[in-house]
Colleague: 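I am attaching a structure below and will ask some questions about it afterwards.
Numbered from 1 within each chain, the chains take letters A, B, ... in sequence-line order. What's counted below: heavy atoms across the whole structure, side chains too, no hydrogens, waters or symmetry copies.
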Amino acid sequence: MPKPIAISDSANFYVSAERCFDPALRGVPVIVLSNNDGCAVARSDEAKALGVKMGEPVFKLRDKIRDHGIRVLSSNYTLYGDMSRRVVEVYETFSPNVEIYSIDESFLDFSGFRDRDAHARSMKTAVTRLTGIPVRVGIARTKTLAKCANELAKRNPIWGGVLDLCDIAAAEALLPRVAVGDIWGVGRATVRKLDAIGIRSAAELRDMPVRQARQLGTVVLERTVAELRGTPCLSFNDTVPTRKGLAVTRSAGEPMCDFTTVMAALTAHATRAAEKLRTHGLVAGSLTAFYHTSRFRTEDPTWRASRTTQLLPMSQDTFDLIAAARRCAEAGWPRCEGDAFANPWGFRFAKAGVMLTDLLPLADRPATLFHPGPERDPALMEALDVLNARFGRKSLTLAGEGTAAKGKSWDMKAGHRSPRWTTRIGELPIVRAR
DNA sequence: TCTGGGGTCCTAGGACCC
DNA sequence: TCTGGGGTCCTAGGACCC
């Protein structure tokens with residue numbers, strides 16, 4: 001018999017995290033925006049009730065925000081990341097094995113507990129008491145069924161936020177109530193195909209012939225069917241998997257119309273990407289830089305540039321990454337007579353990014369026979385990181401990304417960001433007032 | 001005027017090899 | 001007219017997740 005797995009997730013996590021520190025946000029409609037204040041990515045129950053959709057662009061919500069007094073917040077990832085860490089700390093006192101799945105969801109090994117329901121309820125209470133974040137728990141013998149249990153618990157408050165589907169009869173009774181689109185791993189495209197052959201509930205999907213499932217939705221759907229039948233196909237994984245890639249991409253606060261501005265944004269993104277590499281003790285073997293015009297403004301001239309270059313030797317050095325990003329940016333810039341980096345067509349670039357692949361732990365970096373030059377002293381990057389850790393991110397940056405005095409037009413908008421309550425003492429209102 | 005960011009996994013098809 | 005078979009590796013693109 002497969003062991004019981006629980007999944008615990010936070011309700012409207014970003015909104016819940018904000019509410020922990022600002023009681024005025026409780027009981028009223030609240031939305032948290034994506035980077036650049038673009039779309040609603042988290043909504044309180046009250047906001048959902050007003051019909052605010054996930055991912056809806058904020059400019060389309062203007063009337064609703066005004067008419068219903070919806071509170072609008074920019075995303076504050078520093079706060080959410082820290083709150084997430086606290087929630088996981090509590091989980092770890094309730095299960096010997098915790099697999100962090102996302103910022104607001106973790107799988108927990110629930111084997112060995114005699115009364116799983118009671119255990120889950122005391123965990124739920126503890127998380128709320130110690131962090132202020134409300135959570136819901138689904139339990140079953142496969143991850144997919146646990147996610148179904150969680151989904152049911154979310155939608156039916158009568159169970160008090162905890163549902164155990166380990167029992168065959170319970171699954172039998174409740175799976176007809178889960179729509180295929182609400183099953184983990186079944187997205188829009190698959191829903192459409194399943195609907196065409198009359199499969200609409202989790203119970204119907206479970207009873208579908210596996211061969212047909214594979215043919216319709218590849219091995220992924222075949223696994224989902226097996227998981228719904230209680231056969232685990234997705235293993236419990238409490239070790240952090242090795243990263244395959246890493247990206248830093250942003251929409252610009254204002255359109256970027258010249259090479260210098262695009263390069264300033266790419267410099268900032270490459271800088272951040274290098275920081276991430278060093279945090280994880282990795283080096284990268286290749287870098288892709290891209291920038292493109294807005295995909296929504298189809299009447300404007302469009303340009304999409306994406307170039308990849310090798311990092312040789314593999315590197316985690318900010319300067320190396322910026323140099324590579326510059327090579328890509330130059331190679332991708334629209335060619336014109338005269339000044340090679342002018343923009344006579346009036347392209348308005350909306351987004352730029354840096355992606356790193358071929359990642360390896362620094363210790364495993366292969367030696368190279370022909371260096372392009374002497375390697376820089378890692379002490380420089382170390383000093384950079386120490387200073388930025390001590391005085392706050394971006395205290396020390398490269399001139400290439402521009403200076404605050406001159407204005408960073410490419411920098412994202414974040415007009416409604418709350419204080420980083422748990423990680424920046426200087427942002428606490430009471431400290432600021434002194 | 002204004003539309004997110006960062007991941008994973010799978011498949012098909014081409015290049016290449018013997 | 002008739003033009004092998006079987007393997008690996010890589011990449012692009014699709015689907016999905018939160």
Colleague: On the 0 to 90° scale, with breaks at 30° and 60°, tag the A/Trp184-A/Phe107 ring pair as parallel, tilted or perpendicular.
Modeller: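 Because their plane-to-plane angle lies in the 30° to 60° range, the rings of A/Trp184 and A/Phe107 count as tilted.
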
Colleague: Give the rounded distance in Å between these two atoms: CZ of A/Phe107 and P of C/dC18.
Modeller: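 From A/Phe107 CZ to C/dC18 P: 9 Å.
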
Colleague: Given B/dG6, B/dC2, C/dC17, which nucleotide is nearest the side-chain atoms of A/Lys276?
Modeller: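 It is B/dG6.
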
Colleague: Let me know the distance between CZ of A/Arg272 and P of B/dG4, rounded to the nearest Å.
Modeller: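 Distance check: A/Arg272 CZ to B/dG4 P gives 21 Å.
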
Colleague: Do the ring centers of A/Tyr77 and A/Tyr14 come within less than 6.0 Å of each other?
Modeller: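 Yes, they do, as the ring centres are separated by less than 6.0 Å.
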
Colleague: Of the nucleotides B/dT1, C/dC18, B/dG5, which one has an atom closest to the side chain of A/Arg250?
Modeller: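 Looking only at side-chain atoms, A/Arg250 lies closest to B/dG5.
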
Colleague: In whole angstrom, what separates A/Tyr80's OH from B/dG6's P?
Modeller: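 From A/Tyr80 OH to B/dG6 P: 16 Å.
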
Colleague: B/dG4 phosphate, OP1 or OP2: any side-chain N/O from A/Ser75 under 4.0 angstrom?
Modeller: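 The answer is no; no side-chain N or O of A/Ser75 sits under 4.0 Å from OP1 or OP2.
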
Colleague: Starting at the 5' end of DNA chain B, which residue's closest nucleotide do you reach first, A/Ala350 or A/Ala247?
Modeller: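 Nearer the 5' end of the strand: A/Ala350.
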
Colleague: Starting from P on C/dC18, measure out to CG on A/Asp9 and report it in whole angstrom.
Modeller: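 The distance from CG of A/Asp9 to P of C/dC18 comes to 9 Å, rounded to the nearest Å.
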
Colleague: Identify whether any heavy atom of A/Asn36 sits under 4.0 Å from a base atom; if not, whether one sits that close to sugar-phosphate; answer base, sugar-phosphate or nothing.
Modeller: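 Counting heavy atoms under 4.0 Å across all strands, no contact is made by A/Asn36.
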
Colleague: Testing A/Glu18, A/Arg19, A/Glu46 for side chain to side chain contact (heavy atoms under 4.5 Å, CB included) with A/Val30, which one passes?
Modeller: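 Result for side chain to side chain contact (heavy atoms under 4.5 Å, CB included) with A/Val30: A/Arg19.
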
Colleague: Got a sec: does the CZ of A/Arg188 have more than 12 other heavy atoms crowding it under 6.0 Å?
Modeller: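 Not buried by this count: 12 neighbours or fewer within 6.0 Å.
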
Colleague: With a 4.0 Å cutoff (strictly under), does any side-chain N or O of A/Lys244 reach OP1 or OP2 of B/dC9?
Modeller: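 Indeed, a polar side-chain atom of A/Lys244 lies that close.
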
Colleague: Taking the six-membered ring of A/Tyr80 as reference, does the NZ or CZ atom of A/Arg85 fall below 6.0 Å from its centre and within a 45° cone about the axis?
Modeller: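 So A/Arg85 doesn't make the cation-pi contact.
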
Colleague: For A/Ile31 and B/dG4, give me the distance from atom CD1 to atom P, rounded to whole Å.
Modeller: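 After rounding, the gap between these two atoms is 14 Å.
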
Colleague: Check this for me, if you would: do A/Lys147 and A/Glu151 make a salt bridge, where the nitrogen-to-carboxylate-oxygen distance has to be below 4.0 angstrom?
Modeller: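 Between A/Glu151 and A/Lys147 there is no salt bridge, as every charged N stays at least 4.0 Å from the carboxylate O atoms.
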
Colleague: Check nucleotides 10-15 of chain C for protein N or O atoms closer than 3.5 Å to its own N or O atoms and list the pairs.
Modeller:
none

Colleague: Please work out if A/Arg223 contacts a base, only the sugar-phosphate, or nothing of the nucleic acid, heavy-atom cut-off 4.0 Å.
Modeller: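 Sugar-phosphate, no base atom in range.
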
Colleague: Taking only side-chain nitrogens and oxygens of A/Lys413, does any of them come within less than 4.0 Å of OP1 or OP2 of B/dT1?
Modeller: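 Answer no for this pair, as no side-chain N or O of A/Lys413 is under 4.0 Å from OP1 or OP2.
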
Colleague: Distance check needed: B/dG7 C1' versus A/Asp104 CG, whole Å only.
Modeller: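 In whole Å, B/dG7 C1' lies 15 Å from A/Asp104 CG.
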
Colleague: In residues 289-308 of chain A, which ones come under 4.0 Å of DNA chain B, going by heavy atoms?
Modeller: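 Residues of residues 289-308 of chain A under 4.0 Å from DNA chain B: A/Arg295, A/Phe296, A/Arg297.
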
Colleague: Look at the aromatic rings of A/Phe347 and A/Phe349 and report parallel, tilted or perpendicular, splitting at 30° and 60°.
Modeller: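 If you compare the ring of A/Phe347 with that of A/Phe349, the planes turn out tilted.
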
Colleague: Quick check: does any side chain N or O of A/Asn36 sit under 3.5 Å from a backbone N or O of A/Lys413, one acting as donor and the other as acceptor?
Modeller: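 Yes.
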
Colleague: Going by the angle between their ring planes, with limits at 30° and 60°, are A/Trp333 and A/Phe259 parallel, tilted or perpendicular?
Modeller: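 Aromatic pair A/Trp333/A/Phe259 classed perpendicular.
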
Colleague: Got a minute to check which stems DNA chain B is part of, using Watson-Crick or G-U wobble pairs under 3.5 Å, three or more consecutive?
Modeller: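 The stems that DNA chain B takes part in, listed by first number, are B:5-18 with C:5-18.
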
Colleague: For A/Thr131 and A/Arg86, does a side-chain donor sit closer than 3.5 Å to a side-chain acceptor?
Modeller: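 Absent: no donor and acceptor within the cut-off.
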
Colleague: State whether the side chain of A/Ser84 and the backbone N or O of A/Ile103 hold a donor-acceptor pair below 3.5 Å, judged by distance alone.
Modeller: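 Between the backbone of A/Ile103 and the side chain of A/Ser84 there is a qualifying donor-acceptor contact (under 3.5 Å).
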
Colleague: May I ask you to decide if A/Thr267's main-chain N or O and A/Thr271's side chain share a donor-acceptor pair within less than 3.5 Å?
Modeller: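 Flag set: sc A/Thr271 to bb A/Thr267 pair under 3.5 Å.
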
Colleague: For atom P, what is the distance between B/dT3 and C/dC18, given to the nearest Å?
Modeller: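 Here B/dT3 and C/dC18 have their P atoms 25 Å from each other.
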
Colleague: Could you check whether A/Leu33 gets within reach of a base, just the sugar-phosphate, or nothing at all, counting any heavy atom under 4.0 Å?
Modeller: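 The residue A/Leu33 makes no contact with any strand.
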
Colleague: Pick base, sugar-phosphate or nothing for A/Phe13, based on heavy-atom distances below 4.0 Å to the nucleic acid.
Modeller: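 Nothing: the residue A/Phe13, judged by heavy atoms under 4.0 Å, touches no strand.
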
Colleague: Between A/Asp82 and A/Thr422, does the side-chain hydrogen bond (donor to acceptor under 3.5 Å, both in side chains) criterion hold? Intermediate values first, please.
Modeller: CA-CA 7 Å; A/Asp82 190 58; A/Thr422 62; 2.6 Å; yes

Colleague: Starting the side chain at C-beta, find the nucleotide from B/dG6, B/dG4, B/dT3 nearest to A/Ser34.
Modeller: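 Nearest listed nucleotide: B/dG4.
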
Colleague: Give A/Glu56 one of three labels, base, sugar-phosphate or nothing, depending on what nucleic acid heavy atoms sit under 4.0 Å from its own.
Modeller: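 Since no nucleic acid heavy atom lies under 4.0 Å of A/Glu56, the category is nothing.
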
Colleague: Just to be sure I understand the rule, does A/Val186 reach a base, reach only the sugar-phosphate, or reach nothing, if contact means heavy atoms closer than 4.0 Å?
Modeller: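 Sugar-phosphate, backbone atoms only, no base.
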
Colleague: Let me know the distance between CG of A/Asn237 and C1' of B/dT8, rounded to the nearest Å.
Modeller: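 For the pair A/Asn237 CG and B/dT8 C1', the rounded distance is 13 Å.
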
Colleague: In whole angstroms, how far is the P atom of C/dC17 from the CD1 atom of A/Ile183?
Modeller: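 Going from A/Ile183 (CD1) to C/dC17 (P), I get 10 Å.
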
